[in-house]
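First comes the structure, then the notes that go with it.
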Amino acid sequence: MSIFSTLWPSVGILGSIGLSILIMIPFVYFYSQYKFNYWKRKGVKGPPTLPFIGNFLIPGRPIPLMQMDHLREYGKFFGMYQGRRPILSISDPAIIKRILVKDFNKFHNRMPTNDSNITASQNLVSARYDKWKRIRSILTPMFTTSKLRKMEGLMVQCVDSLYDVMGRLAKTESSFLVHNVMGNFTMDVISKCAFATDTNAHDENENTFVRNARKLFEFNFIRALGRFLVPIWMKNILKAFHVKYFLTPELDFFINISFELIKQRKQNSTVKYNDMLELMIKAKHGNDQLMEEEDRFDSHHVNVGNEEQQQEQKLLSEIIGSKYLSEEEIVAQSVIFFAAGYETTASTLTFALYELAMNPDMQNRLYDEVMAVVNNGDPLDYDHVMKLSYLDAFIAETLRLHSPVLMLNRQVNDTYHIPEYNYTMEKDECVIIPIYAIHHNPEFHPDPERFDPERFMPENRDKMIPYSYLPFGGGPRNCIGMRFAMSEAKLGLTRLIKDFIFFKSPKTCDELKIKSSFVLLKTTPILVGVKRRN
Ligand code: HEM
Ligand SMILES: *[C@@H]1O[C@H](CO)[C@@H](O)[C@H](O)[C@H]1NC(C)=O
Ligand SMILES: *[C@@H]1O[C@H](CO)[C@@H](O)[C@H](O)[C@H]1NC(C)=O
Ligand SMILES: *[C@@H]1O[C@H](CO)[C@@H](O)[C@H](O)[C@H]1NC(C)=O
Ligand SMILES: *[C@@H]1O[C@H](CO)[C@@H](O)[C@H](O)[C@H]1NC(C)=O
Ligand SMILES: *[C@@H]1O[C@H](CO)[C@@H](O)[C@H](O)[C@H]1NC(C)=O
Ligand SMILES: *[C@@H]1O[C@H](CO)[C@@H](O)[C@H](O)[C@H]1NC(C)=O
Ligand SMILES: *[C@@H]1O[C@H](CO)[C@@H](O)[C@H](O)[C@H]1NC(C)=O
C-alpha cells in the first residue's frame with residue numbers, strides 16, 4: 001500500500017507526460033518539417049536534416065568533427081538547424097570580425113536561452129543588451145592587471161596544494177589522470193576567488209560544496225538536449241506538473257551560499273578579502289579604469305588592437321540604471337564565474353600537460369625559460385610569469401589545437417546584409433562561429449593538426465589572419481575571464497615545470513580521441529607520467 005501511494009504521483013505525472021507527448025508528436029513533426037524549409041527558401045545550402053533534431057547533432061559523430069566535415073563540405077557560410085531553430089554557420093574571418101567587433105551594435109546578444117531560475121538568468125553570459133552592458137561595465141575593472149595582482153595571493157595558495165599533490169603522485173604513481181588533478185586545482189581557485197570558500201578539492205573527503213559543484217558539471221546529455229529541443233510551451237507544461245527535470249538543485253545550493261556570504265560580508269565590511277565577491281560588492285560604475293596600460297601585454301594574441309579597445313571603452317562608458325550591482329546580480333555572476341571558469345581552465349591545463357609529455361624538447365625549452373627567471377633571483381610571481389614568451393606561445397597553441405570552447409554564438413537585432421554571399425539576415429536570426437573547425441582549417445593554420453608553439457612567437461604572430469584564432473571569442477563580448485584564466489594557468493604551470501618532468505607513459509594515448517562534446521571539448525581520459533627533477 002505504502003509503495004503504491006508513493007508510486008502513484010510519479011506514475012500519474014509520467015502518464016500525463018506520455019499522453020501529452022503522444023498527442024503532440026504529429027504537430028511537432030509537422031512544425032519541424034515546416035521549419036526545415038527555412039534555408040531552402042532563402043537559397044542557402046546546408047547539411048541534410050534529421051526529423052526533430054535538425055542537423056547540429058549526428059549520432060556517432062562528435063560535434064567538433066562534424067563541424068570540420070561541414071566546413072570542408074559546405075564552406076565558410078551555410079545554414080543549419082539546432083532543433084527547430086535555423087542558425088547560420090560562419091567561418092570567414094572578415095565576416096566574423098564585422099559580427100564580433102565592427103557591427104557589435106547589432107550583434108550584442110547571444111542566442112536566447114530560457115533559464116528556469118530568474119536569479120541565475122541575470123548572469124553576464126545570458127544577460128541581454130542594456131542589462132549586459134551595465135553589468136559588464138561594472139565588472140570589467142575587476143579583471144584588470146592591478147586587481148589580478150591582488151588576487152594572486154589566493155591563487156598561489158591553490159598552486160601550493162597542487163604542487164603538494166604532484167609531489168605525492170611523483171613518488172607513488174607511474175601515471176595519473178590529468179583532468180582530475182587539474183580540475184581539483186581550478187575548482188580550488190575559482191571557489192576561493194568567487195565564493196570565498198576553501199574547497200580542498202584534492203582531498204578525498206569531499207565537502208558539500210565540492211560535491212554540488214561536481215554534480216553541476218556532470219555532463220547530462222539528455223538534459224542538454226532537452227534544453228533546446230523541447231519547445232518552451234512543453235517545458236511550461238512539465239513545470240506545471242512539477243517535473244524538476246530542467247531545474248537543478250545544485251544550482252539552488254550555489255545561489256543559497258552566495259546570498260549567505262554577501263550577508264556576512266555586508267555585516268563585516270572592515271575585513272579585507274581581496275576576492276571577486278568583495279570587488280563586486282564594492283564595485284561602482286565609473287570608479288575604476290576599464291583598461292590599464294599594462295593589460296595590453298596580456299591580450300596580444302586575441303585580436304585586441306587599438307580599434308577594438310577604443311570601441312569597447314566608448315561602449316561601456318555610458319550605462320542606463322544603477323551604478324552598483326544588486327545582491328541578486330552579484331549572486332548570478334558568482335555562479336557564472338564558476339560555470340565559465342572551472343571546466344574551461346581545467347581542460348586547458350589538462351591539454352597543456354599532455355602536450356608537455358608528448359613534446360619533451362618543448363618541455364626542456366620551457367624549463368630553461370622558467371629557470372632563467374629563477375637563476376636571476378626573481379620569484380615566479382604574476383609579473384614574471386606573464387612575461388615568459390615561450391610559455392605564452394605554448395598555451396596559445398594548446399588553446400588553438402584543443403580549443404575548450406567549441407563555438408561562439410550571436411543573435412542579430414535588425415536585418416543585416418552580408419555582401420560576400422549576397423545574403424540578408426532577418427531580425428533575430430542567429431549565427432554560430434565554429435571555433436574548433438576554424439582552428440583546424442589548413443587555410444588559416446597551415447598543417448593544422450601539428451602542435452607548434454612557434455606559430456605564436458612574437459616574430460610569427462603577425463602572419464596569422466586576424467579572427468582566425470578565437471579561443472576566448474572576440475569583440476566587446478569576449479571572455480571577461482581571459483586574463484584571470486591565463487594567470488591561473490601560468491602560475492600553476494611554471495611551478496610544475498620547475499620541479500617536475502611530465503612524460504609519455506604506456507598509458508598515455510598517442511592521439512587524443514574526441515568524445516561526444518556538446519559545449520566544451522571532451523576527449524578520452526588523458527594520463528601522463530610524472531617524476532621529480534633531480
Ligand atoms: C581557458 C579558460 C577559458 C576559456 C577558453 C574561455 C572561453 C570563453 C569564450 C569562448 C567565451 C565566449 C566569448 C564570445 O562569445 O565572444 C567566454 C565568455 C565568458 N567567460 Fe570565459 N573562458 C575561460 C575562462 C573563464 C574564466 C576563468 C572566467 C571567470 C572568471 C570566465 C568567464 C566568462 C564570462 C563571464 C563570459 C561571458 C562574457 C560576456 O558575455 O560578457 N571565463 N569564455
Ligand atoms: C522565457 O520564459 C519566460 C517566462 O517563463 C517568458 O516570458 C519568455 O518569453 C521566455 N523567453 C523566450 C526567449 O522564449
Ligand atoms: C581530484 O578529483 C577527483 C574527482 O574528479 C578525485 O577522484 C580525486 O581523488 C581528487 N584528487 C586527486 C589528487 O586527484
Ligand atoms: C532561484 O533559486 C533560488 C535559490 O534556491 C530561489 O530562492 C529562487 O526562488 C529561485 N527563483 C526562481 C524564479 O525559481
Ligand atoms: C537554502 O537556504 C534555506 C534557508 O537558509 C534553506 O531552507 C534551504 O534548504 C536551502 N536550500 C538549499 C538547496 O540548500
Ligand atoms: C566578522 O569577521 C570576523 C573575523 O574574520 C569573524 O570572526 C566574525 O564571525 C565575522 N562576523 C560576522 C557577523 O560574520
Ligand atoms: C539594435 O541595437 C542597437 C543598439 O542598442 C539599437 O540602436 C537598434 O535600434 C537596435 N535595432 C533594433 C531593430 O531594435
Ligand atoms: C542578390 O540577391 C537579391 C535578392 O535576394 C537579388 O535580387 C540580386 O540579384 C542578387 N544580387 C547578385 C549580385 O546576385
Side-chain angles (χ1 to χ4, degrees), residues 41-44 96 99-101 103-111 123-137 139-140 142-143 148 151 155 182 186 189-191 193-195 275-276 279-280 302-303 312 315-316 320 332-352 395-396 398-400 402-424 426-428 431-433 435-436 467 469-490 519-521:
R41 274 187 284 134
K42 295 194 78 178
V44 174
I96 292 173
I99 289 175
L100 295 180
V101 184
D103 297 320
F104 182 75
N105 64 338
K106 287 187 176 178
F107 285 96
H108 35 63
N109 291 327
R110 297 216 166 83
M111 262 183 235
N123 70 66
L124 201 57
V125 172
S126 326
R128 296 178 79 78
Y129 193 48
D130 281 326
K131 179 147 204 161
W132 166 79
K133 198 164 107 167
R134 201 188 118 246
I135 297 178
R136 176 99 186 191
S137 69
L139 290 179
T140 294
M142 272 176 55
F143 293 92
L148 286 175
M151 269 186 264
M155 278 189 197
M182 291 302 158
T186 59
V189 171
I190 201 73
S191 26
C193 293
F195 282 94
D275 59 8
M276 291 186 189
L279 291 172
M280 282 195 279
V302 266
N303 318 312
E312 195 171 327
L315 183 79
L316 297 182
I320 304 167
Q333 308 323 314
S334 301
V335 173
I336 204 67
F337 288 162
F338 200 91
Y342 155 59
E343 184 62 36
T344 47
T345 318
S347 302
T348 307
L349 284 167
T350 303
F351 295 128
I395 297 178
T398 303
L399 285 166
R400 182 194 67 83
H402 313 289
S403 173
V405 179
L406 298 174
M407 51 194 133
L408 308 174
N409 73 74
R410 295 288 189 273
Q411 184 177 41
V412 69
N413 82 336
D414 209 339
T415 56
Y416 184 76
H417 189 65
I418 299 176
E420 286 92 332
Y421 296 89
N422 189 23
Y423 175 78
T424 302
E426 282 166 35
K427 184 175 177 332
D428 294 336
V431 295
I432 61 160
I433 297 168
I435 307 178
Y436 188 89
Y467 295 88
Y469 175 67
L470 300 154
F472 294 102
R477 208 158 182 176
N478 67 354
C479 175
I480 199 173
M482 176 186 76
R483 226 171 279 118
F484 182 93
M486 282 304 222
S487 55
E488 178 181 356
K490 287 176 180 181
V519 184
L520 299 177
L521 181 65

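Everything quoted here is computed from the prediction, not taken from an experiment. Indexing begins at 1, ligand by ligand and atom by atom, following the structure's order. Along the sequence shown, residues are numbered consecutively beginning with 1.
Proximity of a side-chain donor or acceptor of S487 to a complementary backbone N or O of F484 within less than 3.5 Å is detected.
Here the straight-line distance linking atom SG of C193 with atom CZ of F337 works out to 11.0 Å at 0.5 Å rounding.
Across every non-hydrogen atom of D414 and K106, the tightest pair is OD2-CE, 3.8 Å. Taking both residues in full, the closest heavy atoms of Y342 and T186 are given as O-OG1, 3.1 Å, listed atom of the first, atom of the second, then distance. Listed here is the closest heavy atom pair of M151 and D275: CG-CA, 4.3 Å. Here the closest heavy-atom approach between residue N109 and residue A127 is recorded as OD1-O, 4.4 Å. Across all non-hydrogen atoms, the minimal contact from M276 to F143 is CE-CE2, 4.0 Å. K42 and T424 make their closest contact through NZ-O, 3.0 Å (heavy atoms, listed as atom of the first residue, atom of the second, distance).
In terms of N/O distances under 3.5 Å, ligand 1 is approached by R410. No N or O atom of K427 sits closer than 3.5 Å to an N or O atom of ligand 7. Between R110 and ligand 1, at least one pair of N/O atoms sits closer than 3.5 Å. Checking only distances, R477 does come within under 3.5 Å of ligand 1, N or O to N or O.
Around atom 36 (C) of ligand 1, the closest heavy atom drawn from V125, V405, N123 belongs to V125.
Contact annotation: for L124 versus ligand 1, heavy atoms closer than 4.0 Å belong to both the backbone and the side chain. When heavy-atom distances to ligand 1 are checked against a 4.0 Å cut-off, M486 has no atom that comes that close, whether in backbone or side chain. The residue Q333 has no part lying near ligand 1, judged by heavy-atom distances below 4.0 Å. When non-hydrogen atoms are compared, ligand 1 lies under 4.0 Å from the backbone of P471 (N, CA, C, O) but not from its side chain. Here R136 has side-chain heavy atoms under 4.0 Å from ligand 1, and that is the only part of it that gets that close. Contacts between H108 and ligand 7 below 4.0 angstrom, taking non-hydrogen atoms only, involve the side chain exclusively. Both the backbone and the side chain of F472 come within 4.0 Å of ligand 1, counting heavy atoms alone.
Using a 30° and 60° split on the angle between ring planes, H402 and F351 fall in the parallel class, below 30°.
Looking only at protein heavy atoms, the nearest one to atom 5 (O) of ligand 7 is Y129 CE2, 3.0 Å. Residue, atom and distance of the protein heavy atom nearest to atom 4 (C) of ligand 8 are N422 ND2, 4.8 Å. Nearest non-hydrogen protein atom to atom 11 (N) of ligand 7 is N413 ND2, 3.1 Å. The protein non-hydrogen atom at the shortest distance from atom 23 (C) of ligand 1 is T344 OG1, 3.5 Å.
For atom 2 (O) of ligand 8, the nearest protein heavy atom is under 4.0 Å away. By the definition of a contact as any protein heavy atom under 4.0 Å away, atom 14 (O) of ligand 7 is in contact. At a distance under 4.0 Å, a protein heavy atom can be found next to atom 8 (C) of ligand 8.
Results of the side-chain contact (heavy atoms from CB on, under 4.5 Å) test with E343 over I190, L520, V405 single out L520 as the only residue that passes.
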- Task: Please assess M111 against I432 for the test side chain to side chain contact (heavy atoms under 4.5 Å, CB included), listing each intermediate value before the final yes or no.
- Result: CA-CA 9 Å; M111 262 183 235; I432 61 160; 3.7 Å; yes

- Please walk me through it: do N413 and Y129 pass side chain to side chain contact (heavy atoms under 4.5 Å, CB included)? CA-CA 10 Å; N413 82 336; Y129 193 48; over 6 Å; no

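Residue-ligand proximity, D414 to ligand 7, at heavy-atom distances under 4.0 Å covers atoms 11 (N), 13 (C).
The closest approach between a heavy atom of W132 and any atom of ligand 1 is below 4.0 Å.
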